[in-house]
Amino acid sequence: TGFETAQPGMIRDRLVQLACDIDDMTGEELGFATDTLRKVAGVVDVMLLNAQGKKSRPVVRIELLVHLDHAEGVAERVFDLTTTLGIRRTVVDRLILPRDAETTPEGHRRKRTQRPAGHKTVKIESDDLNDSATLADRRATARDLEI
């Protein structure tokens, strides 16, 4: 994917958003489809949203952000893994803050970035906090490592 410089400190990226509404799959089936789609080459993000569809039926909207050159293959997987008969496709522009990745002496990964207003932020990778026993421990570990 080609990145272009947008405003100072930001990068512009172009992706495809694929979206469909599902009203006839179980929670287990949707979970399997979502977990599988997250692993497909070219998929940047998968989101499930609850909505109300035609005839006032509850639906789950699946939205995927996908690199342009993988959109067709990912759409095929959506058709194979879900009951949808149609996928909406939209090209979207995304702004990204550049980040530096590093590893703490404790082995945790963290990202640093500079915000447009000039201040810097640090964030520990969420997966690296999964050994925390409680939410309070998770937050304390993240706070200690984000220095």
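Keep in mind that the numbers below use all heavy atoms, side chains included, and drop hydrogens, waters and symmetry copies. In this text the structure is predicted, and so the values were computed from the model without any measurement.
Counting non-hydrogen atoms of neighbouring residues, nucleotides and ligands closer than 6.0 angstrom, the CZ atom of F32 reaches no more than 12 such neighbours. When the shell of 6.0 Å around CZ of R139 is examined, it contains 12 or fewer heavy atoms from other residues, nucleotides or ligands. Within 6.0 Å of CG in L135 there are more than 12 heavy atoms belonging to other residues, nucleotides or ligands.
Counting only heavy atoms from C-beta outward, the side chains of V78 and L64 approach each other to under 4.5 Å. At a threshold of 4.5 Å between non-hydrogen side-chain atoms, the residues E63 and V46 do not count as touching. The shortest distance between side-chain heavy atoms of V16 and V92 does not fall below 4.5 Å. Under the 4.5 Å side-chain criterion, counting only non-hydrogen atoms from C-beta, L48 is in contact with T34. Looking at heavy atoms from C-beta onward, C20 lies out of side-chain contact with L85 at the 4.5 angstrom threshold. Considering only heavy atoms from C-beta on, L18 comes within 4.5 Å of V74 through its side chain.
Contact between A142 and I124 at its shortest, heavy atoms only, is O-CG1, 4.0 Å.
Using modelled atom types, one side-chain atom of T104 and one backbone atom of H108 make a donor-acceptor pair closer than 3.5 Å. The main-chain N or O of D24 is never found under 3.5 Å from a side-chain atom of T83 such that the two would form a donor-acceptor pair. Proximity of a side-chain donor or acceptor of R61 to a complementary backbone N or O of Q52 within less than 3.5 Å is not detected. For the pair S132 (side chain) and L129 (backbone), a donor-acceptor distance under 3.5 Å is present. Looking only at distances, no side-chain donor or acceptor of R12 sits under 3.5 Å from a matching main-chain atom of M10.
When hydrophobic clusters are built by joining Ile, Leu, Val, Met, Phe, Trp and Tyr residues whose side-chain heavy atoms come closer than 4.5 Å, directly or via intermediates, V40 is grouped together with I22.
Looking at D21 and R88, a side-chain N of the basic residue comes within less than 4.0 Å of a carboxylate O on the acidic one, giving a salt bridge. A salt bridge links R109 to D128: at least one charged side-chain nitrogen sits closer than 4.0 Å to a carboxylate oxygen. Of the charged side-chain nitrogens involved, at least one lies within less than 4.0 Å of a carboxylate oxygen, so that K111 and E125 count as a salt-bridged pair. A salt bridge does not link E72 with R77: none of the charged nitrogens is closer than 4.0 Å to a carboxylate oxygen.
Judged by distance alone, the side chains of S126 and R138 do bring a donor and an acceptor atom under 3.5 Å apart.
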Task: Check against salt bridge (charged side-chain N to carboxylate O under 4.0 Å, His left out), D100 and R112 - done: CA-CA 5 Å; D100 295 318; R112 294 182 183 276; over 6 Å; no
